[in-house]
Number of protein chains: 2
Amino acid sequence: MDKSDTKQRLLDVAEKLFASNGYHCTSLRKVTAKAGVNLAAVSYHFGSKEALVEAIFERRLRPLNEERMGRLETVRAAAGAAGRKPTAEEALRAFIEPTLRFRDSAPGARYFLHLIGRALTEPDDAVRSIFFRMIGPVFALMFEVLCEARPNLSRNQVFWRLNFAIGAISRCTFLPEKLPVVPAGIEIELSADRQIDMLVDFLVAGMEAP
Amino acid sequence: MDKSDTKQRLLDVAEKLFASNGYHCTSLRKVTAKAGVNLAAVSYHFGSKEALVEAIFERRLRPLNEERMGRLETVRAAAGAAGRKPTAEEALRAFIEPTLRFRDSAPGARYFLHLIGRALTEPDDAVRSIFFRMIGPVFALMFEVLCEARPNLSRNQVFWRLNFAIGAISRCTFLPEKLPVVPAGIEIELSADRQIDMLVDFLVAGMEAP
DNA sequence: GTCTATAGATTGATAGAC
DNA sequence: GTCTATCAATCTATAGAC
């Protein structure tokens with residue numbers, strides 16, 4: 001029990017600190033101090049700082065990606081069985097719903113989503129490529145399903161619209177306190193379902209634009 | 001001439017390196033070495049690393065913001081004079097066209113846009129707040145004009161749709177080589193006008209969704 | 001304005017005792 | 001598995017000669 005406890009605590013604390021303060025602004029000393037473990041524990045359990053962040057991605061992104069891929073395959077299969085194309089809404093929901101519902105599924109999931117929202121723009125090539133490698137297959141499948149949903153668009157147009165959608169979605173996975181200046185009276189904390197509805201309304205319209 | 005030359009070279013080189021490799025991954029030693037000036041020149045001309053990045057933002061963001069604000073005011077005035085509301089397309093174009101045309105207007109502008117695309121998600125509180133302070137008034141005006149354009153939406157909905165749009169736009173200001181895995185046959189380098197059209201098609205539809 | 005030299009602090013990683 | 005102690009590298013910032 002003690003054995004895995006240190007490892008888990010390191011993952012939990014590092015996830016939160018990397019998300020809140022960034023990978024490079026967070027030293028291993030801060031992580032181990034907050035986790036209440038020894039500095040050398042990172043080397044022992046993970047090997048390096050980079051391997052630690054990779055383990056953080058791996059732990060949460062693997063099940064999340066499996067769910068998104070599974071739902072995308074289901075969308076494709078259901079449409080095929082009915083002799084029609086998948087719709088943009090089905091594809092978008094298959095991606096968005098697991099992502100945003102995941103936000104409230106575990107204590108640290110919110111921090112993790114913030115972390116991957118920033119991984120999209122991560123300046124460190126090593127860290128960014130860890131993330132891109134894990135997200136690549138989901139992105140590729142999403143792209144193919146969207147191409148089927150919008151056969152009249154060029155692949156080029158679908159690619160860019162998917163990128164636009166990714167950018168929009170990433171604004172919802174951010175910790176609310178990290179958003180730009182918020183006008184008075186704005187509700188910045190939304191339930192996952194409300195956030196999903198807003199995203200889907202916006203993105204389906206964008207994706208179905210001529 | 002020599003006097004301002006060092007300062008300009010520092011701005012140009014730091015802009016490029018901060019954009020390509022990130023603020024924290026770029027040491028002042030790398031900047032001064034690549035600029036061919038002495039390490040101490042940063043302290044002399046700017047005072048600190050943070051003041052350097054602030055000067056980088058200031059140099060390009062001030063004229064760009066003035067143009068975007070001016071165009072937003074024009075949209076509002078023209079609609080008012082005609083006794084109608086501004087449209088979402090007018091508001092979006094007033095923001096997007098200056099931004100993306102700016103991309104090709106100066107040698108380093110492309111790097112700068114990448115930098116501000118990442119400033120949205122900057123983990124360092126000091127750097128992020130420099131950016132938010134500069135972008136705040138534009139964001140606020142954009143929000144008000146969009147509220148006028150879509151009076152049937154709640155301010156909450158407009159706020160989130162504006163955030164979605166910001167996220168989408170930021171995917172176009174990125175250096176193409178920093179995008180996630182790109183499927184074969186995709187044209188990743190688009191002219192500003194082509195990119196503007198794609199963005200506007202997508203975002204107008206999203207913004208006008210019920 | 002530009003330079004050298006260095007202070008002063010922090011970092012990731014590791015060797016070796018327990 | 002956990003700990004102390006420390007290495008070697010890096011960083012920003014600055015003092016002071018020219």
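Naming: A, B, ... by sequence-line order, numbering from 1 per chain.
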* How is A:T26 classified with respect to the nucleic acid when contacts are heavy atoms under 4.0 Å: base, sugar-phosphate, or nothing? -> sugar-phosphate
Please report, to 0.1 Å, the donor-acceptor pairs under 3.5 Å made by any side chain of residues 94-103 of chain B, with sequence neighbours excluded.
residue : atom : partner : partner atom : Å
B:E97   : OE1  : B:R71   : NH1          : 2.9
B:E97   : OE1  : B:R71   : NH2          : 3.1
B:E97   : OE2  : B:R93   : NH1          : 2.8
B:T99   : OG1  : B:R68   : NH1          : 2.9
B:T99   : OG1  : B:F95   : O            : 2.6
B:R101  : NE   : B:D193  : OD1          : 3.2
B:R101  : NH2  : B:D193  : OD1          : 3.1
B:R103  : NH2  : B:L190  : O            : 2.7

* Asked: C:dG12 P sits how many Å from A:L17 CG, rounded?
  -> 12 Å
* Could you give the NZ-to-P distance, from B:K49 to C:dT10, as a whole number of Å? -> 16 Å
* Whole-Å distance between D:dC11 P and B:L52 CG? -> 15 Å
* Asked: A:E50 has an atom CD; how far is it from atom P of C:dA13, in whole Å?
  -> 9 Å
* Phosphate-side-chain proximity, B:H24 and D:dC11, N/O vs OP1/OP2 below 4.0 Å -> no
* Asked: Roughly, in whole Å, what's the span from CZ in A:R29 to C1' in D:dC7?
  -> 11 Å
* Structure fact -> Judged by nearest nucleotide, the residue sitting upstream toward the 5' end of DNA chain C, A:S43 or A:S27, is A:S27
* Between B:F131 and B:F57, how do the two ring planes meet: parallel, tilted or perpendicular, split at 30° and 60°? -> tilted
* Most 5' of A:K30 and A:Y44 on DNA chain C, judged by nearest nucleotide -> A:K30
* Asked: In whole angstroms, how far is the C1' atom of C:dA13 from the NE2 atom of A:H45?
  -> 16 Å
Identify every side-chain donor-acceptor pair in residues 179-187 of chain A under 3.5 Å, counting partners at least two apart or on other chains, and give the distances.
residue : atom : partner : partner atom : Å
A:E187  : OE1  : B:N156  : ND2          : 3.0

Can you give me the N/O atom pairs linking the protein to nucleotides 3-5 of chain C at distances under 3.5 Å, or say none if there are none?
residue : atom : partner : partner atom : Å
C:dC3   : OP2  : B:N38   : N            : 3.4
C:dT4   : OP2  : B:N38   : ND2          : 3.1

Would you mind writing out the side-chain donor-acceptor pairs for residues 198-209 of chain B within the sub-3.5 Å range, not counting sequence neighbours?
none

* Structure fact -> On a heavy-atom basis, the closest approach of B:L52 and B:A14 is CD2-CB, 3.8 Å
* To the nearest Å, how far apart are A:F46 CZ and C:dG12 C1'? -> 16 Å
* To do: Quick one: which residue pairs count as a side-chain hydrogen bond (donor to acceptor under 3.5 Å, both in side chains) with a foot in residues 163-184 of chain A, not counting sequence neighbours?
  => none
* Asked: Can a side chain N or O of A:S48 be found less than 4.0 Å away from OP1 or OP2 on C:dG12?
  -> no
* Structure fact -> In short, ring pair (Phe, Tyr, Trp, His ring centres under 6.0 Å) pairs touching residues 13-39 of chain B with sequence neighbours left out are B:F18-B:Y23
